[in-house]
Amino acid sequence: MPEGPEIRRAADRLAAAVAGRTVLRAQFAFARLQRFERELAGSRILSIIPRGKALLTTFDNGWTLYTHNQLYGVWKVALPGQRPDSTRSLRVALDTASAAILLYSASDIELWRSDEIEAHPFLQGLGPDVLDPALDVDAVAARLQSPAFRGRALGALLLDQGFLAGMGNYLRAEVLFDAGLHPASRPRDLDAAQTAKLARALLAIPRHSYATRGIEPTKGMRADYLAHEGERFRFHVFKREGQPCERCGTPIVRIASQSRPLFLCPHCQPGRPSQ
DNA sequence: CTTTAAACCTGCTGGC
DNA sequence: TGCCAGCAGGTTTAAA
């Protein structure tokens, strides 16, 4: 369910609640992890940091908890000892004196030695984080036109975590619409201005989603990540099939790209004739 | 190498 | 109301 912005907001919430705190009790649902309950009890939580859509929770005794929420994992903050939402399967619970952080439903949960975590296969494959403040338009434009990526179709490239970590399916649709590009087009087809426009969208849209703290509620999206007040990140094409494009009035269409739903305006994002 | 399809994990929604 | 199929904001693996 979550893309980079949602994961980063979750990390912010978790860190605000327990970073720097001592773990009074650690609980894991999976038997293969239960030996770490004793290892982590008494340790201090150093940081909770996203890497693309993965989350790393580091402890001062040399362990790092790797978690990936995939489509369904949900992090919650609760009072110490409290376990809300018992209906959902609780996978990880870390209690401190100030708060408990709880991970429900996720299945990708691993403990690594902190000095070895960079060797994690998923982390090794990640490109720069799209929400990294140090990443700028020139760097993204150069990456788009680099030999490894310039021949790839944008529809696939924008989901590839090795290109930019943290991108996901709604961001892909919104970025392509903003840049006025069809998913079948490739970086090598773009001139410098188009490349720059795409690079700007690739940075601006995830950052805006993160800053506005939430996508608008749509059918099937889990409430945990939605904004509850203030300005919202609005979809222009995602899940807007049949609705008029806000720029030209042409109905938004839904296609499949990489076996994932992709929404676009056929007029504002014209496809190329062939190849 | 790139692209595609299927599998996997889990929860929610919609239809019967 | 209950059950089931299909879908989902993701990723990996195998095959083409």
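Quick note on labels: first sequence line is chain A, next is B, and so on, each numbered from 1.
Contact annotation for A:Ala153: backbone-only contact, meaning every heavy-atom pair under 4.0 Å involves sugar-phosphate atoms and none involves a base. When heavy atoms are screened at a 4.0 angstrom cut-off, A:Ala148 is found touching the sugar-phosphate backbone but no base atom. As judged by a 4.0 angstrom heavy-atom cut-off over every strand, A:Arg91 is placed among residues touching the sugar-phosphate backbone only.
The separation between A:Asp108 atom CG and C:dT11 atom P is 9 Å, rounded to whole Å. Rounded to a whole Å, the CZ atom of A:Arg150 is 15 Å from the C1' atom of B:dC1. The CD atom of A:Gln258 sits 13 Å away from the C1' atom of C:dT11 (whole-angstrom rounding). Regarding A:Leu55, its CG atom lies at a distance of 17 Å from the C1' atom of C:dT11, rounded to whole Å. Here the P atom of nucleotide B:dT3 and the CG atom of A:Leu158 are 13 Å apart, to the nearest Å. We find that CZ of A:Arg188 is positioned 11 Å from C1' of B:dT2, with the value rounded to whole Å. One atom, OH of A:Tyr72, and another, C1' of C:dC7, lie 15 Å apart when rounded to the nearest Å. Going from atom CZ of A:Phe149 over to atom C1' of B:dT3 covers 16 Å, rounded to whole Å.
Every residue meeting the salt bridge (charged side-chain N to carboxylate O under 4.0 Å, His left out) condition with A:Arg152, not counting sequence neighbours, appears here in chain and number order: A:Asp160. Every residue two or more places apart in sequence or in another chain that forms a ring-ring contact (aromatic ring centres under 6.0 Å, His included) with A:His68 is listed here: A:Phe122. Here A:Asp12 pairs with nothing under the salt bridge (charged side-chain N to carboxylate O under 4.0 Å, His left out) rule; sequence neighbours left out. Take A:Phe163 and apply the ring-ring contact (aromatic ring centres under 6.0 Å, His included) test, not counting sequence neighbours, and it matches A:Phe149.
Side-chain contact check for A:Thr58 and A:Thr64: no donor-acceptor pair (N or O, by modelled atom type) lies under 3.5 Å. Inspection of the A:Glu3 and A:Tyr210 side chains reveals no N or O donor paired with an N or O acceptor under 3.5 Å. No side-chain donor-acceptor contact under 3.5 Å links A:Thr57 and A:Tyr66.
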message: As a quick check of understanding, evaluate side-chain contact (heavy atoms from CB on, under 4.5 Å) for A:Phe235 and A:Gln243, giving each step before the final call.
response: CA-CA 12 Å; A:Phe235 293 135; A:Gln243 297 178 42; over 6 Å; no

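Nearest to the side chain of A:Leu71, among C:dT12, B:dT2, C:dA8, sits C:dA8.
Here A:Leu46 sits alone; no ILVMFWY side chain lies under 4.5 Å from its own, so it joins no hydrophobic cluster.
Judged by the 6.0 Å and 45° rule, A:Arg172 forms no cation-pi pair with A:Phe263.
For residues 102-122 of chain A, the set of pairs meeting the salt bridge (Lys or Arg N to Asp or Glu O under 4.0 Å) definition, not counting sequence neighbours, comprises A:Arg51-A:Glu118.
Regarding contacts with the backbone of B:dG11, a side-chain N or O of A:Ser89 is found under 4.0 angstrom from either OP1 or OP2. Contact between the side-chain N/O atoms of A:Arg254 and the OP1/OP2 oxygens of C:dC7 is not found at any separation under 4.0 Å. OP1 or OP2 of B:dG11 sits under 4.0 Å from a side-chain N or O of A:Ser105.
Within a heavy-atom distance below 4.0 Å of DNA chain C, the residues of residues 161-169 of chain A found are A:Gln161, A:Gly168, A:Asn169.
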Cut-off 3.5 Å, no hydrogens considered: what does the side-chain donor-acceptor table look like for residues 25-33 of chain A, sequence neighbours left out?
unit_1  : atom_1 : unit_2   : atom_2 : d
A:Gln27 : OE1    : A:Arg83  : NH2    : 2.6
A:Arg32 : NH1    : A:Ile109 : O      : 2.9
A:Arg32 : NH2    : A:Ile109 : O      : 3.3

Give the table of side-chain donor-acceptor pairs shorter than 3.5 Å for residues 191-200 of chain A, with sequence neighbours excluded, one pair per line with atom names and distance.
unit_1   : atom_1 : unit_2   : atom_2 : d
A:Asp191 : OD1    : A:Ala193 : N      : 3.0
A:Asp191 : OD1    : A:Gln194 : N      : 2.7
A:Gln194 : OE1    : A:Asp191 : N      : 3.0
A:Thr195 : OG1    : A:Gln145 : NE2    : 3.0
A:Thr195 : OG1    : A:Asp191 : O      : 2.9

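Two residues are said to be in side-chain contact when any heavy atoms from C-beta on lie closer than 4.5 Å; A:Leu157 and A:Leu154 meet this criterion.
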message: Could you write out DNA chain C as dot-bracket? Rules: Watson-Crick or G-U wobble, both distances under 3.5 Å, brackets [ ] for crossings, | for pairs with another strand, dot for unpaired.
response: .|||||||.|||||||

Set out, line by line, the N/O atom pairs under 3.5 Å between protein and nucleotides 6-8 of chain B.
none

Would you tabulate the pairs of protein nitrogen or oxygen atoms and nucleotide nitrogen or oxygen atoms of nucleotides 3-6 of chain C closer than 3.5 angstrom?
none

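What you find for A:Pro5 and A:Ser209 is that their closest heavy atoms are CB-OG, 3.6 Å.
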